[in-house]
Amino acid sequence: MPATSKYWLLKTEPESFSIQDLARAPKKTTCWDGVRNYQARNFMRDEMQVGDRVLFYHSSTESPAIVGTATIVREGYPDPTAWDKSDHHYDPASSPENPRWCMVDIRLERIFDEALPLSQLRGVAALKEMELLRKGSRLSVQPVRKVEFEAVLKLAGVK
DNA sequence: GCCAACGTTGGC
DNA sequence: GCCAACGTTGGC
């Protein structure tokens, strides 16, 4: 994927943080902390830019689905939960002096009137090569092609 | 540097 | 809860 990608997909388990939680957050904004995968980190650290568009995805739930959109409002900066011993994502190899993990801030754009479940997305020709739909895909931060992003918005009935 | 063992993700 | 598909770790 080229460094010019402007579209992303972020996964979250709604039991820990859902799009409804994001809607209730101050300024409908949150930091995307807790990512502990190098490929996902690199996307956040090196490629995400303010204004990039985001598909918001609920995983590990009864009906995994894309549930809305968000935008990047702050570019990559160190994830302080990595050096918080009480945090579930604590990593002793990271420190304020030498941070290993990274996060961005996102702001809610819209919650879809109807979520788009994986089962529905799998039937869409324009999404045939989408990373999310690849067998065995686990990346929690992944690039999305423009045509894919637009196809998803169309499915969601967003003008 | 190989690779087996282990831990995690996440759909089903 | 099962398990396939990954990523990471660590012995050698």
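Order of the sequence lines fixes the chain letters, A, B, ..., with proteins taken first and strands second; residue numbering starts at 1 for each chain.
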Report the C-alpha distance between A:F43 and A:W8 in whole Å, list the side-chain angles of each, state the deciding distance to 0.1 Å, and finish with yes or no for ring pair (Phe, Tyr, Trp, His ring centres under 6.0 Å). CA-CA 9 Å; A:F43 284 135; A:W8 308 94; 5.5 Å; yes
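Between the NE2 atom of A:H88 and the P atom of B:dG7 there is a distance of 14 Å, given to the nearest Å. Going from atom CG of A:N37 over to atom C1' of C:dC6 covers 10 Å, rounded to whole Å. Following rounding to the nearest Å, A:E131 (CD) and B:dG11 (C1') show an atom-to-atom distance of 15 Å. Look at CZ on A:R100: it is 14 Å from C1' on C:dG7, rounded to the nearest Å. Straight-line distance from the CG atom of A:L132 to the P atom of B:dC12: 10 Å, rounded to whole Å. Whole-Å rounding puts the A:R134 CZ to C:dA4 C1' distance at 13 Å. Distance A:Q142 CD to C:dA5 C1': 15 Å, rounded to the nearest Å. For A:L133 and B:dG10, the CG to P distance is 14 Å, given to the nearest whole Å.
The side chain of A:K11 contributes no N or O atom lying less than 4.0 Å from OP1 or OP2 of B:dT9. The phosphate of C:dG7 has neither OP1 nor OP2 within less than 4.0 Å of any side-chain N or O from A:R41.
Listed candidates were C:dT8, B:dG11, C:dC6. Nearest to the side chain of A:P64 is B:dG11. For A:Y57, the side-chain atoms get nearest to B:dG11 when compared with the rest of C:dG7, C:dC6, B:dG11. Nearest nucleotide to the A:R138 side chain, out of C:dA5, C:dT8, B:dG11: C:dA5. Proximity note for A:L118 (side chain, C-beta onward) versus C:dG7, C:dA4, B:dG11: the nearest is B:dG11. Considering only the side chain of A:S59, B:dG11 comes nearest among C:dG7, C:dA5, B:dG11. Of the candidate nucleotides C:dA5, C:dG7, B:dG11, C:dA5 has the atom lying nearest to any side-chain atom of A:K135.
One side chain, A:D21 or A:S18, offers a donor N or O that lies under 3.5 Å from an acceptor on the other. Checking A:E13 against A:S59 by side-chain atom types alone, no donor-acceptor pair falls below 3.5 Å. Under the 3.5 Å distance criterion, with hydrogens and angles disregarded, no donor-acceptor pair is assigned to the side chains of A:D105 and A:W32.
Contact check on A:D79 versus A:R100 returns no salt bridge, with no Lys/Arg side-chain nitrogen under 4.0 Å from an Asp/Glu carboxylate oxygen.
Using a 4.0 Å heavy-atom cutoff across all strands shown, A:R36 reaches no nucleic acid atom at all.
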